[in-house]
Amino acid sequence: MKVGCHASSSIHAPRPRQFGDKMSAVCCCAHCDFLSLGMQDDHRLSTSELEKKYGTSIDKGLSSARAAEILARDGPNALTPPKATPEIVKFLKQMIGGFSILLWIGAAFSWISFGIQLAQGVDSAFDNLYLGVVLALVVILTGIFAYYQEAKSTNIMASFSKMIPQQALVLRDAEKKELPADQLVVGDIVEIKGGDRIPADIRLIFTQGCKVDNSSLTGESEPQSRSCDFTHENPLETRNIAFYSTTCVEVCVPAGTATGIVINTGDRTIIGRIASLASGVGNEKTPIAIEIEHFVYLVAGVAISIGVLFFIISVSMRYKILDSIIFLIGIIVANVPEGLLATVTVSLSLTAKRMAKKNCLVKNLEAVETLGSTSIICSDKTGTLTQNRMTVAHLWFDNQIYSADTSEDQTTQSFDQSSPSWAALSKIVTLCNRAEFRPGQENLPIMKRVVVGDASETALLKFSEVILGDVMNIRAQNKKVAEIPFNSTNKFQLSIHETDDPHDKRFLLVMKGAPERILERCSTIMINGKEEPLDSEKAEAFQTAYMELGGMGERVLGFCHLYLPENEFPETFQFDTDSMNFPTSNLCFVGLLSMIDPPRSTVPDAVSKCRSAGIKVIMVTGDHPITAKAIAKSVGIISATSETVEDIAKRLNIPVEQVNRREATAAVVNGMELKEMSAEQLDEILREHAEIVFARTSPQQKLIIVEGCQRQGAVVAVTGDGVNDSPALKKADIGIAMGIAGSDAAKNAADMVLLDDNFASIVTGVEEGRLIFDNLKKTIAYTLTKNIAELCPFLIYIIASIPMPIGTITILFIDLGTDIIPSVALAYEKAESDIMNRRPRNKRRDRLVNEQLAVYSYLQIGIMQSVGAFVTYFTVYAEQGFLPSTLLGVRVDWESNAINDFEDSYGQQWTKYQRTYLQWTGYTAFFVSITIQQVADLIIRKTRRNSIFRQGLFRNKVIWVGIFSQIGIALILTYGLGHVTALNFTPLRFQYWFVAVPFAILIWVYDEIRKLLIRRYPGSWWDKNMYY
Amino acid sequence: MTKETKKPFRQSMAEWRQFIYNPNSGEFLGRTAKSWGLILLFYLVFYGFLAALFTFTMWVMLQTLSSDIPKYRDRISSPGLMISPKPDTALEFYFNKSDSQSYSEYVTTLQNFLESYNDSKQSQNIVCTPGQIFDQSDAAVKKACQFNISQLGQCSGKEDANFGYSKGTPCVLVKMNRIIGLKPEGEPRIECTPKEEGMVNINYFPPNGMMDLMYFPYYGKSLHAHYLQPLVAVQLAISPNGTKEEIAIECKILGSPNLKNQDDRDKFLGRIAFKVLMSE
């Protein structure tokens, strides 16, 4: 199958993953039944039967008329794009989502009262008009912001449509025509050249040496050969069908083209089915979306109930209905954190940016947090957990196993190289190898150089280059005189060389291949540089070593050599590889080398991090169970002490059936077994075993595994690279596509793209995700607090009839002005403790906004802020002549336009405008007080449990940016825009900025005490009620 | 696939009932009696503390204030004007000179307003030197200057108990808002102008609508308890062709550079506009 794939038959060599293999392994999976059912028997039929079936002729093709008929029947050969939600609908959805409805209601009420007041000729009617406009603007702007964010996430179907080939060479009316590919119909005869994209699902009828790249379908980058032969029952596996959207890599020279009959077009092709499957898999709501929805309901509930309550109170206090409605607007505006949803989006995208730097590219913002709540990661093996590169892992010579360094950037090998046997072995490894470095890479590290040759030979070449240095030079000094390349009958590779010793005129024959085949050809074995007869004891030692290396899931190669006697093979001897005029038996066995695709060096650490973070890592691979298990063990997915049922059976020497399944913490499940399992059995496995490896599985089975995990209530992250991974990627709570190896469709279906394909990057992503969840809690707590300080003025205004302490517009300036940057700054806060030592959050219990958070923010800190702000308010009025006692109950007269000689506590008389101006000064003072206390609120929100001093006041510089921006904006509003009457700000005496400072300090001290008690008495009443 | 199935109504009702009162754990609204007790106690203490703190800070703040004059008077640098009687509707006088019922309210208001200017009430007040500021900042007890009601002439209520309303010459009293420490410069006087000429003739009491400087400055309610602010009566002699038509009149304070009468936003700062509609 692959040229030079000499070891593919060695006992445990992992088979290259094949698309068909994956497909055929799935039967219990409804989706895959659906895939295979759709395929006809076309692969079984002979050419003439096909001609008959499709009413076509191989020589002439379809007639144009017939083709047009079929085209009319089947439609064009293109994937139907999914019914996309119209952009305007998406936009409108943003306009009514979240708090928008509440604000629209507020705006509507404002306009209604404007209309009524205008009709009554009230001077201040226009205030309500402006308020309505401002509220509408707030909704529209935040809506546009949210819409813009959503528009950035791309559509899965986009890349499917991009894959359609442009032109196809078709035989119609006995003529070859170049047609747009979407005009193809079933029964068309098409010709494909190397490099073409396959224009439809095609049954090949004439080809030679055709190879296709199925990576867009399976993610497997190894080209697969295609022929006209029916090789497998399963249409997905047989070689005589080429699939739509895959690429034809090469066609052998004699013909130059491959010919085939189109058997499926458009949505009926395999890729079309997968596309429809992927769009059919529903998108689950992300956990953070659920949390935000929960939070919106909570806040909206509070807003509406307080609003309605006070509407009733104000009506029963004989306020006018119109006034009561205006109060209602105020209460809604005060209660709704207008800027919060935008803040959350910004925080998430900041984290997304930070994750992108760590090679996690997040497409869907909400996925940032989903990753943090992940409780199960289903990871691919090849390329994700491993380096996706064969590397020499072990050597066996002199009756001893040596371990080689398999890390990514090895520069030396440290095993004992003093034995003469190693000198002999290294010579064979170097010489009996056809792989070569591409020229011009001398300056690159060896491991990074590009090699022409297959995976095993590349591994051996790099291995010897690392140890011996310039391999090409060594080969040049040992000139090759003859060579037999690997073929599947011999299962060995042989070459004959001159030696580099000018005095030694002998030829050296070197051979490598499947160990048992090599051993068969040997009569001696080299021990410590000396040839010793290969007796049964030594053969036994060989067997043991071979089994051991094979048991580690490694691909083992045997090496032997023979110095041809000078008398029989003089310097001028002509070697003939066809007649084999040289000995190929009674050779001297030198040693074994075993190779594996080794784990990435960062992975074991990442897996153990997952373990301490309570995240279950499940390996899902198409590889052989033994290789899979070996890698799982070496990265810690299966820990050193745990056993599978089979291990226990072997240890106790009892049949597998008798083992108590609960004793086995680990399980290795074969795709074939999975196929037979019911959903309940799968659930049981997922539940009972902590460490699970699924081997020999297909991407389709991934979907079943994901669904099984989700049935356990887990938040599942799944990695994938092929097109047929996309249903699983979509189904998973978070789909992770590989950035390097992944197909476009996988990347599109995924929520996240792993730029370096490295599992460890997922774990850093998890860490960021958990951090943002914690930080969002802080942001929300921060934001909610001041809502009470905005709400209380209204309530007291209604009940005590004092002059209005803070205006609606002023509130909006806090919510959308001073508070925005500080709340985003909390997203930069470092974790309080090792967040990777916690269990993943429980979707049902650990809410983003829980009772404690709301109660602590609303009823404690919020009330403290209100008290502080009211002190400032009363101070401003008192120092201008209105003592607190004078203010109670004055609302009606205070607001009356007709009263222009309103008397203060000192007997002075005020006009309406003078009072209004004082009222605005009150607004400004109230605003400034809230701002000052929000600084304290910001500082206390840095931590939820630890002391601020432990967290460090200055570690998060952005917080200080937040604080300065907050105060800066307040200064600008107060002194810069203090003369713009529409904004209701007035310049404020400087000392009023400090009235609330003691309360700010109190907030800080109180919160430190709260945290101290929480730390001191874990689990106590205080802890339960005060920790959010 | 993980979609939760909708709970049957009865079950969710039962859950609600369970939440409101759970007989097994004795939980009421998710908390046991003890838990409720603790949480209520906590908030009692917490809010008690906050209330005490609030009271204390307010007390401290009030201690810093003088009971005589407010700390700042910058928000009322210039006085507003106001009239008496003041109709309920936005400063519009509607009456029928032959229907005493239609103006009785104005008359009563004026009578009540002038009550405090009765000679009997002014017995403690002293006679001051006209034409100059009566500065008594050094005096511990501030004296009030007499405002003789007879200065209001036909509008004093003594000559005409109906203040001219029955004769088609209604009186309106114009007063200037009290502001502590305000010392008008120049010779402040009230001048009223009708919007349209020829409909009304205006008489002022005291003559020229003068406001004597001796009534200034004002020292505040507690120091200057008997203070009476000077009044200017404006008598509107409505000509026969002015009846049945709304007459718009604007009064302004003039003659004093430090009393503003032209502010874009404050329509009552040093001026006042009102309308009169008299029928027969």
Side-chain angles (χ1 to χ4, degrees), chain A residues 121 123 282 284 706-707 710-714 731 733 851 855 859-860 863-864 866-868 870-871 874-876 878-884 897-918 921 981 986 989 995 998-999 1002 1006 1021-1022 1024-1026, chain B residues 1-3 30 35 38-39 42-43 46-47 50-51 53-54 57-58 61-62 64-84 86-91 175-180 182 218-225 227 229 263 265-269 272:
Chain A
D123 289 344
E284 306 267 316
V706 170
E707 285 169 358
Q710 286 177 335
R711 277 198 299 275
Q712 317 292 312
K731 178 71 200 167
D733 296 284
E851 186 197 317
V855 165
L859 296 186
Q860 297 183 31
I863 296 288
M864 283 163 110
S866 311
V867 171
F870 266 109
V871 168
F874 281 122
T875 306
V876 167
E879 295 192 339
Q880 290 288 351
F882 291 95
L883 298 181
N897 283 317
I899 297 178
N900 280 289
D901 52 355
F902 190 91
E903 205 174 307
D904 68 15
S905 314
Y906 293 87
Q908 308 186 92
Q909 291 168 318
W910 296 64
T911 63
K912 171 72 196 317
Y913 184 78
Q914 285 167 337
R915 295 197 302 274
T916 307
Y917 196 77
L918 177 60
T921 311
T981 37
T986 71
R989 280 204 160 73
V995 178
F999 288 89
L1002 178 73
Y1006 175 68
W1021 177 87
W1022 185 270
K1024 277 186 206 135
N1025 283 284
M1026 298 294 174
Chain B
M1 321 273 162
T2 50
K3 231 179 225 169
S35 173
L38 272 173
I39 205 90
F42 170 80
Y43 278 105
F46 183 78
Y47 289 143
L50 281 186
L53 187 74
F54 177 73
T57 31
M58 290 300 283
M61 185 269 290
L62 292 176
T64 66
L65 299 179
S66 146
S67 58
D68 301 333
I69 51 164
K71 195 162 179 178
Y72 303 115
R73 297 188 302 276
D74 57 329
R75 291 288 180 259
I76 36 171
S77 51
S78 193
L81 286 192
M82 204 51 201
I83 51 168
S84 180
K86 185 180 62 100
D88 290 340
T89 51
L91 298 180
K175 63 194 176 87
M176 193 168 80
N177 280 352
R178 288 192 295 261
I179 291 174
I180 294 176
L182 178 75
Y218 174 52
Y219 285 99
K221 199 157 82 176
S222 67
L223 292 180
H224 220 161
Y227 177 81
Q229 61 203 112
D263 190 280
R265 301 211 184 90
D266 195 345
K267 298 278 186 284
F268 293 88
L269 196 70
I272 186 165

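Chain letters run A, B, ... following the sequence lines, proteins first and then strands; every chain starts at 1.
- Residue B:Leu65 comes nearest to A:Glu879 through the heavy atom pair CD2-CG, 3.7 Å, listed as atom of the first residue, atom of the second, then distance.
- In terms of heavy-atom pairs under 4.5 angstrom with chain A, the leader among B:Leu62, B:Asp68, B:Thr64 is B:Asp68.
- Highest contact tally toward chain A, considering only B:Ile179, B:Leu53, B:Asp74, B:Thr57, is held by B:Asp74 [criterion: heavy-atom pairs under 4.5 Å].
- Across B:Met176, B:Gln229, B:His224, B:Lys267, the residue that shares the most heavy-atom pairs under 4.5 angstrom with chain A is B:Gln229.
- At least one side-chain heavy atom of A:Val855 sits under 4.5 Å from a side-chain heavy atom of B:Tyr43.
- If you tally non-hydrogen atom pairs under 4.5 Å between each of A:Ser905, A:Gly868, A:Gly907, A:Pro884 and chain B, the highest count goes to A:Gly907.
- In terms of heavy-atom pairs under 4.5 angstrom with chain A, the leader among B:Asp263, B:Leu38, B:Leu269 is B:Leu38.
- Between A:Tyr906 and B:Tyr218, the closest side-chain pair of non-hydrogen atoms is not below 4.5 Å.
- When the candidates A:Val867, A:Asn900, A:Thr921 are compared by the number of heavy-atom contacts under 4.5 Å with chain B, A:Asn900 comes out ahead.
- Neither the backbone nor the side chain of A:Gln712 comes within less than 4.5 Å of any heavy atom of chain B.
- With a 4.5 angstrom heavy-atom cutoff, A:Asn1025 touches chain B only via side-chain atoms.
- Proximity to chain B involves both the backbone and the side chain of A:Leu859, based on heavy atoms less than 4.5 angstrom apart.
- Neither the backbone nor the side chain of B:Tyr227 comes within less than 4.5 Å of any heavy atom of chain A.
- Aromatic ring centres of A:Tyr917 and A:Trp910: separated by at least 6.0 Å.
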Side chain to side chain contact (heavy atoms under 4.5 Å, CB included) between B:Lys86 and A:Ile899, intermediate numbers included: CA-CA 9 Å; B:Lys86 185 180 62 100; A:Ile899 297 178; 3.8 Å; yes
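- Counting only heavy atoms from C-beta outward, the side chains of B:Arg75 and A:Asp904 never approach each other to under 4.5 Å.
- Only the side chain of A:Arg989 comes within less than 4.5 Å of a heavy atom in chain B; its backbone stays farther off.
- With a 4.5 angstrom heavy-atom cutoff, B:Ser84 does not touch chain A via any of its atoms.
- If you check the side chains of A:Gln914 and B:Asp266, you find no donor sitting under 3.5 Å from an acceptor.
- Looking at heavy atoms from C-beta onward, A:Trp1022 lies in side-chain contact with B:Phe42 at the 4.5 angstrom threshold.
- Residue contact with chain A, scored on non-hydrogen atoms closer than 4.5 Å, involves the side chain of B:Lys175 exclusively.
- Heavy-atom distances place the side chain of A:Tyr1006, and not its backbone, under 4.5 Å from chain B.
- Taking every heavy atom of both residues into account, A:Leu883 and A:Ala878 meet most closely at CD2-CB, 4.1 Å.
- At distances below 3.5 Å, not a single donor-acceptor pair connects side-chain atoms of B:Tyr219 with backbone N or O atoms of B:Ser222.
- Proximity to chain B is absent for every atom of A:Val876, based on heavy atoms less than 4.5 angstrom apart.
- A:Gln710 approaches A:Asp733 most closely through the heavy-atom pair NE2-OD2, 3.2 Å.
- Residue with the most contacts toward chain B among A:Gln908, A:Glu903, A:Gln860: A:Gln908 (heavy-atom pairs, distance under 4.5 Å).
- For B:Phe268, the parts lying under 4.5 angstrom from a heavy atom of chain A are both the backbone and the side chain.
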